[in-house]
Amino acid sequence: MAKIQAIRGMNDVLPTQTPAWHYLEQVMRDLLAAYAYQEIRFPVVEQTQLFKRSIGEVTDIVEKEMYTFEDRNGDSLSLRPEGTACCVRAAEQHGLLYNQTQKLWYMGPMYRHERPQKGRYRQFYQMGVEAFGMSGIDIEAEMLMLSQDLWQRLGIADVLTLEINNLGNPEDRKRYGETLKEYLLDHREALDEDSQRRLEKNVLRILDSKSPQTQEILKQAPQLPDHISADSAAGFQQLLEILTQAGIPYQVNNSLVRGLDYYNGVVFEWTTDKLGAQSAVCSGGRYDGLSKQLGGTATPGVGFALGMERMILLLEELDRLPVGISRTVDLYICVIGEGVRQQALILAGEIRRKIPALRVLTHCGGGKYNSQLKKAFASGAQCALILEGEAAQTEIKLRVLDDSGETSTVGVESAFDSLSGLFDLEQFD
RNA sequence: GUGGCCGUAGCUCAGCUGGUAGAGCCCCUGACUGUGACUCAGGUUGUCGUGGGUUCGAGCCCCAUCGGCCACCCCA
């Protein structure tokens, strides 16, 4: 029988890696709680239409990266390639957007059929933040401050840079799109293939085309900042001022457009040069038209998503993971001889009841003194209880697992007291 | 989707111009040590990613396929 292996680009997270994930998730949860954002969860599968209508028909994501399949009843379903559309759908469906504002976050796997690469996987995890019902630039400012706060808590602020742009309000964007299209139609033949296709449904994307020839043509093109209404431009300036005051360095990039069609207003991207080709670790912006586009009532929205794998890669690369997060055992109980097996299990249970947060590993499966002690050290535990004998013991050994080799013999009854003396119990409250 | 490199024991890798496989680490046993050590003695592990082909014979050649890494592209 041939061995079955994981699907390409879909990774197992092994026990050696889960501590890093827990750490990252915990820092995020704490941060989001500090900003009073609430968690929302929604399904991994949605109607294909949801993504076609939000992300855009002619985007790469919808055109060639979605996992789309037919349900048994013939409906076209897709694994979610991103979270914003799902979040809007869920919020709208349950009346969360009716006459109220929301500050939400989510975390979970997304799916995109791309060629796997460092920092790019077919199943990847995103943490996303979305705010609904707020149209000022204060919410953009808060989100950027929140993300900056996260980088600081993780200790990676020094390797990330913020690129930011203003696409103007939806009318600005539409008007500019038409003007740009008109200009580019005159140079149609000189554009690269992709840009020619985008001319029809996705003109703005041409702005960040990598083709040198296309970029040459764009030099003479009508410029985006010239087509932005005064109030939108003023708001953008205010935002930039807040960023300056908050000590967040930024770089205005007028060709930053984003690959998802639903954006308008402020868009941004946090990038790094530490992850090879995958430079974007977090990005987002305003999407005021999205909820209406999905058939709901018009509700302003702002949000961003960040790639969890890329965060972890970055933390590992820069060695910014706190020491000690991998330790999973505090107390190791060595069980030498079948006679003390039962006593050891019962004793472990009593200790756990008395100190619920203490992580107690009872050695199972037998083995000699030497090898069990070796495992006790390898486990990272601070201390080991050693039960040895052919029958239940009244005295057991307590060994501190450091170089001192300090070992004492204690009565079973007083084992708990001895442990209390060893561990700083407050840390387990 | 395109291109380059790669796929040999749990891990890191070696394997000359094709003659059916090794090393280190780890792990286990024993000896010595009242003991995570050291040293010594011994031991387990692989359908050489998978499926075909060429050949008297393939880990080494050819084709296909799956997977990994990197870049393009795209994005988180």
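Throughout, protein chains are lettered first and strands after them, A, B, ... in sequence-line order, and every chain is numbered starting at 1.
Computed from coordinates, the A:Lys64 NZ to B:rC73 P distance equals 12 Å when rounded to whole Å. Atom pair A:Met127:CE and B:rC75:P shows a separation of 21 Å (rounding to whole Å applied). In this structure, A:Met28 places its CE atom 15 Å from P of B:rA76, rounding to the nearest Å. Atom CG in A:Asp12 sits about 17 Å away from atom P in B:rG10, given to the nearest Å. For the pair A:Ile61 CD1 and B:rC74 P, the computed distance is 12 Å after rounding to whole Å.
Remark: B:rU45 base-pairs with no nucleotide; criterion is Watson-Crick or G-U wobble with both hydrogen-bond distances under 3.5 Å. In a base pair of the Watson-Crick type (N1 to N3 plus N6-O4 or O6-N4) or a G-U wobble (N1-O2 and O6-N3), with each distance short of 3.5 Å, B:rG67 is matched with B:rC6.
Distance check, rounded to the nearest 0.5 Å: NZ of A:Lys52 to CD1 of A:Ile55 gives 11.5 Å. Between the CG atom of A:Leu321 and the OH atom of A:Tyr23 there is a distance of 7.0 Å, given to the nearest 0.5 Å. Note that CG of A:Leu160 and OG of A:Ser147 are 9.5 Å apart. Values are rounded to the nearest 0.5 Å. How far CD1 of A:Ile206 is from CZ of A:Arg197: 10.5 Å, rounded to the nearest 0.5 Å. From A:Glu114, atom CD reaches atom CZ of A:Arg122 across 9.0 Å, with rounding to the nearest 0.5 Å.
No donor-acceptor contact under 3.5 Å links the side chain of A:Arg205 to the base of B:rC74.
A donor-acceptor pair is defined here as one N or O able to donate and one able to accept, closer than 3.5 Å; such a pair exists between the side chain of A:Thr48 and the backbone of A:Leu77.
The aromatic rings of A:His227 and A:Tyr176 are tilted relative to each other, their planes meeting at an angle between 30° and 60°.
Position along RNA chain B of the nearest nucleotide to A:Tyr263 versus A:Leu373 favours A:Leu373 as the more 5'-ward residue. Nucleotides of RNA chain B nearest to A:Asp402 and A:His113 differ in position, and the one nearer the 5' end is that of A:His113.
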Polar-atom pairs under 3.5 Å, protein N or O versus N or O of nucleotides 28-34 of chain B: list them with distances, or write none.
unit_1	atom_1	unit_2	atom_2	d
B:rG30	OP2	A:Lys368	NZ	2.8
B:rG34	N2	A:Lys397	NZ	2.9

Dump every N/O contact between nucleotides 67-72 of chain B and the protein below 3.5 Å, one line per pair.
unit_1	atom_1	unit_2	atom_2	d
B:rG68	OP1	A:Gly9	N	3.0
B:rG68	OP2	A:Arg8	NE	2.9
B:rC70	OP2	A:Lys118	N	2.5
B:rA71	OP1	A:Ala277	N	3.2
B:rA71	OP2	A:Gln117	NE2	3.0
B:rC72	N4	A:Arg120	NH2	3.1

Salt bridge (Lys or Arg N to Asp or Glu O under 4.0 Å) assessment of A:Arg112 paired with A:Glu82: CA-CA 9 Å; A:Arg112 262 123 94 159; A:Glu82 62 113 26; over 6 Å; no
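Residue A:Glu338 places its CD atom among 12 or fewer non-hydrogen atoms of other residues, nucleotides or ligands, all under 6.0 Å distant.
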